[in-house]
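Computed from a predicted structure; not experimentally measured. Below, chains carry the letters A, B, ... as their sequence lines are ordered, and counting in each starts from 1.
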Amino acid sequence: MQERYNPQTVEEKWQRRWAEKSVFRLRIEKDRPKFYCLEMFPYPSGKIHMGHVRNYAIGDVIARYKRMCGYNVLHPMGWDAFGLPAENAAIKHNVHPSRWTYENIAYMKKQLTRLGLSYDWQREVTTCEPEYYKWNQWFFLKMYERGLAYRKASSVNWCPSCQTVLANEQVIDGLCWRCDSVVTLKELEQWFLRITAYAEELLEDCDRLHGWPERVITMQKNWIGKSQGVEVDFRIDGMQEGIRVFTTRQDTLYGATFVSLAAAHPLAKILVKDSKSLDALKARYDEVEEKEGVFTGHYAINPLSGDRIPIWVANFVLMEYGTGAIMAVPAHDQRDFDFAKKYGLPIKPVIVPEKKPEARSQRSEDLVLEGAYEEEGILINSGQFSGLKSPNAKREIARFIEEKGLGKRTINYKLRDWGISRQRYWGTPIPILYCDSCGIVTVAEDDLPVILPEDVRFTGRGGSPLSESDRFLKTKCPLCAGDARRETDTMDTFVDSSWYFLRYCSEKDKTRPFDKNDAGYWMPVDQYIGGIEHAVLHLLYSRFFTKVLRDLGLIEVAEPFKNLLTQGMVIKDGAKMSKSKGNVVDPDYLIETYGADTSRLFCLFASPPEKDLDWSDKGVEGAYRFLNKVWGIVQKYRGQRSEVRSQKIQGTASPLLRKTHQTIKRVTEDMEKDFHFNTAIASLMELVNEIASFNPQGEEDFYTLRFAIETAVILLSPFAPHIADELWEAMGHSQSILEVSWPRWDMDAIKADEIELVIQINGKLRNRVMIPADLSEEDIRQRALADDKVRQYINGKELKKIIVVRGRLVNIVI
RNA sequence: GCGAGAGUGGCGGAGCUGGCAGACGCACCAGACUUAGGAUCUGGCGGGGAAACCCGUGGGGGUUCAAAUCCCCCCUCUCGCACCA
């Protein structure tokens with residue numbers, strides 16, 4: 001042990017030793033329970049950033065802690081290696097996406113190792129490897145067989161100048177990121193995964209995700225967006241056809257005074273004679289401020305009231321949701337209200353608040369509204385349904401509609417099917433062929449993987465680079481052996497990350513995506529940790545995949561992630577770290593200057609993991625000082641080869657012993673409860689402060705001191721593993737601290753003989769006195785009343801009440 | 001607008017089922033050691049006041065012996081969704 005703490009030498013030494021002994025290599029011992037600790041794998045963008053450091057430090061603490069608690073811990077890492085930046089780099093720097101990606105991986109892997117993260121790299125997953133993406137293709141085929149993968153026309157962002165498809169993030173203020181041309185929409189045939197088939201289960205199971213943050217669950221529920229209502233047909237006056245609308249408020253049906261169609265509705269083209277005005281309206285769809293519409297000149301019949309009502313086309317009605325047509329009830333829907341006001345359409349109230357019984361007898365025309373009344377209430381002017389309360393009316397009217405054959409009860413979801421086609425090179429090729437005679441043909445399972453060709457050029461112009469590779473494009477149909485051409489779209493990279501956690505469960509398997517028994521043992525992930533930005537997409541897609549794979553009989557679990565921790569962002573100077581703001585902290589610099597242990601410690605200490613972390617250079621120094629302090633203590637006492645004593649004792653070392661046990665308790669509880677490492681580290685600092693100021697008097701004191709120091713080092717080890725191992729060795733242990741069991745606290749040793757009693761008078765703090773811990777309530781009362789200070793205050797006044805809270809305080813009311 | 005979360009010293013943040021507000025760290029101040037200190041150590045550190053004490057957890061009410069914590073009203077900020085019928 002060196003006299004001065006030098007993080008560089010210590011960390012290099014232990015990283016080397018850990019590697020030599022393969023200490024993080026997974027060992028499964030049958031008698032131990034399992035724990036699957038997973039952090040979201042990174043995109044290999046080049047270098048890690050502080051967000052990664054924080055994310056992986058949190059995960060590493062949990063993994064190390066669980067290992068010390070006796071679990072078999074699976075703690076893997078890998079690379080979300082497909083994606084657009086690699087292709088951009090190829091265009092810009094003329095380097096192949098593959099090379100760029102692998103070089104980044106090599107560098108970032110070095111950085112992660114340098115942080116001392118306890119990964120079993122044996123299970124590393126790299127999604128751009130054919131061995132991995134082969135299984136994306138295989139899952140795609142399985143889904144295709146079950147009708148869960150299908151093709152349909154859908155619009156994409158299109159740059160007319162580059163003649164290429166753009167991802168959403170490549171469209172900046174409606175312009176192409178490369179040439180500033182105006183981006184247009186273009187219809188293309190694309191592949192979709194039928195996630196909507198699982199909408200109900202994905203929604204229902206949200207309520208079983210007890211280990212997830214409430215807000216993530218809410219976001220998922222909102223995203224799925226279930227609503228129950230009815231579809232009703234409105235006959236068009238003088239035509240055969242009808243308009244089918246969807247509503248959740250069938251109780252307001254009598255108040256429907258017009259019908260609104262989406263501009264893209266098939267009937268809109270037929271009903272509107274002036275196609276120019278319709279096109280103009282289509283262009284006004286992104287206008288949210290002002291509602292606009294075109295009257296079709298046609299009328300519909302309200303199926304319940306029999307009223308003849310106008311049919312409009314409105315720019316706020318969406319074709320993608322429901323039936324693309326709505327019944328407009330301006331009295332009870334603010335949007336319809338605004339629209340009706342603008343175009344002078346009738347407003348007919350049919351619901352009145354329950355609290356206003358006098359309104360029930362009034363005629364609709366006599367009720368004046370300032371805005372729509374959107375709440376539920378009592379029906380008026382609604383024929384046989386008048387007088388019913390909304391919930392009952394909904395039920396009755398729905399039944400009536402079904403009985404009369406006017407429509408049916410329906411459930412709608414906001415959730416759309418997942419479009420996975422990307423007109424890109426650096427992704428998983430979709431295993432589909434187009435044969436001149438057989439049409440759409442799937443690639444045979446035995447022919448998987450469909451490998452990305454290497455010999456392509458990256459210009460950023462024209463279609464997907466894959467469409468220019470004849471070797472890739474031209475193939476034979478497996479059915480008729482005739483000429484066929486390959487699908488050139490690749491898969492959304494969210495496909496890659498939707499099942500990678502399963503691939504980790506078994507070591508590289510050539511014949512299957514993963515072994516069912518291995519997945520059965522490890523799944524679900526016990527603790528998943530990552531950024532809140534994935535609250536919906538990644539986490540929803542992973543849940544979807546898990547359910548599909550369950551239905552394919554590949555796994556047993558219905559949900560992939562039992563517990564989810566969404567860590568906050570790393571903030572500096574009030575903003576998220578970014579190059580443009582110039583407030584980036586470079587992890588390499590940090591590690592070179594202070595070491596990995598200090599970097600980790602600060603990230604964990606500065607705030608609880610789920611909250612944003614405010615970066616402070618000075619705060620980092622505080623963490624560094626703390627480690628130096630611990631170093632100094634061990635340096636000072638390590639020569640004292642005393643034995644350890646942890647049992648309750650009397651005498652000068654008694655408070656230190658108690659503090660040590662208290663600290664074990666606090667740190668352990670923080671670990672178990674909510675991973676509030678900031679308070680765990682704070683209490684560890686308290687213990688270290690107490691050790692530092694302790695003055696051992698005799699042999700006995702040294703035993704306790706030794707116990708305190710060793711405990712502090714053990715408790716420190718998940719946070720700052722290198723220095724902990726070094727100090728552990730310096731104290732004469734031959735076995736690594738990684739092998740040490742997590743300490744237990746002794747309740748008996750925590751209990752103090754004497755406690756401080758707070759004395760309040762009328763709820764105000766007046767004095768504190770030391771009393772024996774086991775004093776009875778009556779004795780406490782007497783002791784308080786006998787107190788000099790108290791007597792001054794009472795001074796002959798009448799005692800109204802005395803409240804005694806044992807172990808805490810006395811409140812005397814006068 | 002809807003949904004979720006948060007407002008505590010100069011700053012990051014502690015405060016368990018209502019029971020000593022401000023743990024721990026940073027910054028700051030004073031002192032010690034020192035040729036020196038941006039190293040280290042010791043002490044102090046919410047505001048007011050000489051003191052006794054008083055006032056303090058976004059604001060205003062309330063419940064209680066006792067409220068940062070529970071209830072009602074309001075304000076501000078962050079995030080997510082946003083014409084989803």
Exercise for review: Consider the side chain of A/Pro608, meaning its heavy atoms from C-beta on, and name the nucleotide among B/G13, B/C65, B/G12 that approaches it most closely.
Suggested key: B/G13

Review point. Can you tell me if A/Glu610 and A/His676 form a side-chain donor-acceptor pair at under 3.5 Å?
Key: yes

Please list, pair by pair, any protein nitrogen or oxygen found under 3.5 Å from a nitrogen or oxygen in nucleotides 3-6 of chain B.
none

Practice item. Between A/Ala623 and A/Asn811, name the one whose nearest nucleotide on RNA chain B is closer to the 5' end. Key: A/Ala623

Review point. Between A/Ser227 and A/Tyr321, does any side-chain donor sit less than 3.5 Å from a side-chain acceptor?
Key: yes

Review point. Which of the following nucleotides, B/A23, B/A85, B/G13, is nearest to the side chain of A/Leu318?
Key: B/A85

Check your understanding: Nearest-Å distance, OH (A/Tyr321) to P (B/C83)?
Key -> 13 Å

Exercise for review: Indicate the atoms forming the closest heavy-atom contact of A/Asn583 with A/Lys576, along with that distance.
Suggested key: ND2-O, 3.4 Å

Revision key, fill the gap. Picking from B/A66, B/C24, B/A85, the nucleotide nearest the side-chain atoms of A/Phe605 would be B/C24

Point to revise | Shortest side-chain distance from A/Val317, nucleotide among B/G19, B/A85, B/G12 | key: B/A85

Review point. Using Watson-Crick pairs (N1 to N3, plus N6-O4 or O6-N4) and G-U wobble pairs, both distances under 3.5 Å, which stems of at least 3 pairs involve RNA chain B?
Key: B:1-7 with B:75-81, B:10-12 with B:24-26, B:28-32 with B:40-44, B:46-48 with B:53-55, B:58-62 with B:70-74

Practice item. Run the ring-centre check on A/Phe192 versus A/Trp418 and record whether the distance is less than 6.0 Å. Key: no

Review point. Checking all strands, does A/Asn678 fall into the base, sugar-phosphate, or nothing category for heavy-atom contacts under 4.0 angstrom?
Key: sugar-phosphate

Point to revise | Phosphate contact (B/A23 OP1 or OP2) by A/Thr679 side-chain N/O below 4.0 Å | key: no

Review point. Hey, what's the ring geometry for A/Phe339 with A/Trp312, parallel, tilted or perpendicular (30° and 60° as the breaks)?
Key: perpendicular

Review point. How many angstroms lie between NZ in A/Lys221 and CD in A/Glu214, if you round to the nearest 0.5 Å?
Key: 6.5 Å

Check your understanding: Going by atom types alone, do A/Tyr5 and A/Gln635 pair a side-chain donor with an acceptor below 3.5 Å?
Key -> no

**Study point:** Inter-nucleotide C1' distance (B/A68, B/G46), Å rounded
**Key:** 14 Å

Practice item. Using a 4.0 Å heavy-atom cut-off, write out nucleotides 39-57 of chain B from 5' to 3' as B (base contacted by protein), S (sugar-phosphate only) or - (no contact). Key: -S------------SSS--

Check your understanding: Do we see a donor-acceptor contact under 3.5 Å between the side chains of A/Asp338 and A/Gln334?
Key -> yes

Check your understanding: Rounded to the Å, how far apart are A/Glu320 CD and B/C83 C1'?
Key -> 12 Å

Check your understanding: Nearest-Å distance, CH2 (A/Trp212) to P (B/G80)?
Key -> 18 Å

Review point. So which nucleotide from B/G19, B/C83, B/A85 ends up closest to the side chain of A/Ser227?
Key: B/A85

**Study point:** Phosphate contact (B/A23 OP1 or OP2) by A/Asn689 side-chain N/O below 4.0 Å
**Key:** no

Check your understanding: Could you state the CD-P distance from A/Gln334 to B/C2, rounded to the nearest angstrom?
Key -> 12 Å

Point to revise | Salt bridge present between A/Arg806 and A/Glu777 (N-O < 4.0 angstrom) | key: no

Practice item. Would you mind reading off the distance between A/Trp223 atom CH2 and B/A82 atom C1', rounded to a whole angstrom? Key: 11 Å

Exercise for review: Consider only side-chain N and O atoms of A/Lys801 and A/Asn811, and report whether a donor and an acceptor are under 3.5 Å apart.
Suggested key: no

Exercise for review: Report which part of the nucleic acid A/Gly622 touches: base, sugar-phosphate, or nothing (heavy-atom distance under 4.0 Å, all strands).
Suggested key: sugar-phosphate

Point to revise | Nearest-angstrom distance from the residue atom CE of A/Met327 to P of B/C83 | key: 20 Å

Study note, to complete from the structure: Ranking B/G19, B/C81, B/G12 by distance to the side chain of A/Gln760, first place goes to B/G19

Check your understanding: Reckon A/Val758 touches a base, only the sugar-phosphate, or nothing at all at heavy-atom distances under 4.0 Å?
Key -> base

Exercise for review: Before giving the answer on salt bridge (charged side-chain N to carboxylate O under 4.0 Å, His left out), spell out for A/Asp251 and A/Arg249 the whole-Å C-alpha distance, their side-chain angles and the decisive distance to 0.1 Å.
Suggested key: CA-CA 5 Å; A/Asp251 53 325; A/Arg249 290 301 302 273; 3.0 Å; yes

Review point. Are A/Arg54 and A/Ser607 linked by a side-chain donor-acceptor pair shorter than 3.5 Å?
Key: yes

Review point. Would you call A/Glu669-A/Arg666 a salt bridge at under 4.0 Å N-O?
Key: no

Review point. Expressed in angstrom and rounded to an integer, what is the separation of A/Phe719 atom CZ from B/G25 atom C1'?
Key: 15 Å

Exercise for review: Quick one: label A/Asn412 by what it contacts on the DNA or RNA (base, sugar-phosphate, nothing), any heavy atom closer than 4.0 Å.
Suggested key: nothing

Exercise for review: Compute both the distance and the angle, then confirm whether A/Lys291 meets the cation-pi test with A/Phe316: under 6.0 Å from the six-membered ring centre, within 45 degrees of the axis.
Suggested key: yes

Exercise for review: Please measure how far the C1' atom in B/C54 lies from the corresponding atom in B/U17, and state the result in whole Å.
Suggested key: 32 Å

**Study point:** d(CG, A/Leu540; P, B/C81) in whole Å
**Key:** 13 Å

**Study point:** Out of B/G80, B/G19, B/C65, whichever nucleotide has its closest atom nearest the side chain of A/Lys801
**Key:** B/C65

**Study point:** Given B/G25, B/C65, B/G13, the nucleotide with the shortest approach to the side chain of A/Met685
**Key:** B/G25

Check your understanding: How is A/Lys414 classified with respect to the nucleic acid when contacts are heavy atoms under 4.0 Å: base, sugar-phosphate, or nothing?
Key -> base

Check your understanding: For B/G9, is chi within 90° of 0 (syn) or not (anti)?
Key -> syn

Review point. Where the side chain of A/Phe316 is concerned, which of B/G12, B/A85, B/A23 is the nearest nucleotide?
Key: B/A85

**Study point:** Heavy-atom donor-acceptor pair, A/Lys291 side-chain to B/C83 base, under 3.5 Å
**Key:** yes

